[in-house]
Visitor: 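Questions regarding the structure given below will be posed in turn.
We're numbering straight along the sequence, starting at 1. Order of appearance sets the numbers: ligands from 1, and atoms from 1 within every ligand.
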Amino acid sequence: MKVLVINAGSSSLKYQIYDMTTETALAAGRVERIGMDSSILVHEPHHTDEVTEVSEILEHTTAVRKVLDKLTDPEVGVIKSIEEIDAVGHRVVQGGDLFKESVIVDAKVKAGITSLFDLAPLHNPAHMMGIRAVEANMPNIPQVVVFDTAFHSTMPEKAYMYAIPKVLYKKHKVRRYGFHGTSHDYVSKVTAETIGRPVEDLKIVTCHIGNGASLTAVEGGKSVDTSMGMTPLEGLMMGTRSGDLDPAIVPFVMMKEDLTVNEVNSMLNKHSGLLAISGSSSDMREITEGMEQGEPNATLAFEMYVYRLRKYIGSYVAAMDGVDAIVFTAGVGENSAVIRQHTCEKLTFLGVEIDPELNKIRSKEPRRISTPNSKVEVLVVPTNEELMIARDTYRLVTEAK
Ligand code: ADP
């Protein structure tokens, strides 16, 4: 069975095609700048070099058609015809409290995703465009949606409620949902496999730190708390997002600077975090370089990032009353030995001890970086959200047959 995984954004569409008999990715790629002139399609087949094509792709239906053309292309394609694709899986950011697990797309599911547009205005409308674009190109293919929020649906009320008037929850569904759930789920399972213990017996803190960043307390294989909130703005300091701040700052700054709702939203989401503090970059590689060269703003950005990360790890250990493993994943977590080192070196109160040599190794494989004496296992696990989406799609479509 072959499954096409799609992650549709408002002006982009990422894809990956899997052969599920072996769980191997046959090709991946992305379309960027949809709706603009000179859209770009980058197709990366696993058997040969990637190809880049520039053309005008005005909407998602054309983007999906171009992707299917590439997948079936005699030279760079990986399948002979579209009929070889048995199902399509989509990443959907916001499932609200409607979707607690992945589901096969039908009219009711589409209405549900649409009813959540208010909660995820930048994401859910784009995902619906992706679903409709697949329908237009492959009218009868089964589609599955996998939600970033679903893994966090096990959080208890005490973790997901905000201490504000309850009417806001009742009327507008204001609560913590959490994001990156597919990644937290995947890396916690791989952590359990890697250390050879059942996930049901473990307390794990999963650190998904990329451009966006979130931590999850995973107890017995279930999310019991996570740092992103109703939106992906809460929690850790990120590339361009502020993370936690005193909520009173928002009306204060709006008043003092005469900012609109959109302007303040944009400030907190796009002009804050590492970028704001360093004054130069949201990229952890450049921040680290600046810090190593003694540049004061980059140094402060680096220190704030690590300090906040460590405080969150500590709070999740307290939330679970213990921890067996801490796992790092995503762009920063998988690649930055220096972030892992600085984060772990002040977790000695937990008995955390990492091996500097193991920490330096670069690999695509899950690996332990803690010493045999460490009281807590510390791991690096490359995330694979696409594979999780492909697995759920395969499982649901096979069960439905
Ligand atoms: P996204 O949240 O967009 O999916 P990724 O998980 O791909 O992001 O992470 C992207 C980030 O990873 C980049 O912005 C960069 O800061 C960081 N990154 C990648 N490689 C390294 C590295 N070697 N050292 C430090 N940071 C890195």
Visitor: State whether any protein heavy atom lies less than 4.0 Å from atom 4 (O) of ligand 1.
Guide: no

Visitor: Measuring from non-hydrogen atoms of V332 to any atom of ligand 1, is the shortest distance under 4.0 Å?
Guide: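 Within the 4.0 Å threshold, so yes.
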
Visitor: Which residue and non-hydrogen atom of the protein lie closest to atom 15 (C) of ligand 1, and at what distance in Å?
Guide: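 Sorting protein heavy atoms by distance from atom 15 (C) of ligand 1 puts D283 OD1, 3.3 Å first.
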
Visitor: Identify which of H208, M284, H180 has a heavy atom lying nearest to atom 26 (N) of ligand 1.
Guide: M284

Visitor: Under 3.5 Å, N or O to N or O, is I209 touching ligand 1 that way?
Guide: no

Visitor: For S12 and E32, indicate whether the former's side chain and the latter's backbone hold a donor-acceptor pair under 3.5 Å.
Guide: no

Visitor: Is Y15 close to L71 at the side-chain level, that is, under 4.5 Å between some pair of heavy atoms?
Guide: yes

Visitor: Give the atom numbers and elements of ligand 1 that come within less than 4.0 Å of a heavy atom of S336.
Guide: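 By the 4.0 Å cutoff, the relevant atoms are 24 (N), 25 (C).
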
Visitor: Classify the side-chain pair H184/S214 by whether it contains a donor and acceptor separated by less than 3.5 Å.
Guide: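 Side-chain D/A pair, H184 to S214: present.
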
Visitor: When you check the gap from the basic side-chain N to the acidic O, do E135 and R132 get nearer than 4.0 Å?
Guide: no

Visitor: Going by heavy atoms, is G212 under 4.0 Å from ligand 1?
Guide: yes

Visitor: Just go through R285, M238, K14 and tell me whose heavy atom is the nearest to atom 24 (N) of ligand 1.
Guide: R285

Visitor: Is it the case that S266 and E263 place a side-chain donor and acceptor less than 3.5 Å from each other?
Guide: no

Visitor: Do S281 and D283 have side-chain N/O donor and acceptor atoms under 3.5 Å apart?
Guide: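 Note: S281 and D283 side chains miss the donor-acceptor criterion.
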
Visitor: Using distance alone, determine whether G331 and ligand 1 share an N or O pair under 3.5 Å.
Guide: yes

Visitor: Between N335, T240, T288, V338, which one has a non-hydrogen atom sitting closest to atom 23 (N) of ligand 1?
Guide: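 Selected option, by shortest heavy-atom distance: N335.
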
Visitor: Would you mind finding which of N211, I339, I287 brings a heavy atom closest to atom 11 (C) of ligand 1?
Guide: N211

Visitor: Looking only at the side chains, is there a donor atom on one of Q94 and H123 sitting less than 3.5 Å from an acceptor on the other?
Guide: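 No, because no side-chain N or O of Q94 sits under 3.5 Å from a partner of the opposite role on H123.
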
Visitor: Check the orientation of Y160 and Y169. Use parallel for under 30°, tilted for 30 to 60°, and perpendicular for over 60°.
Guide: tilted

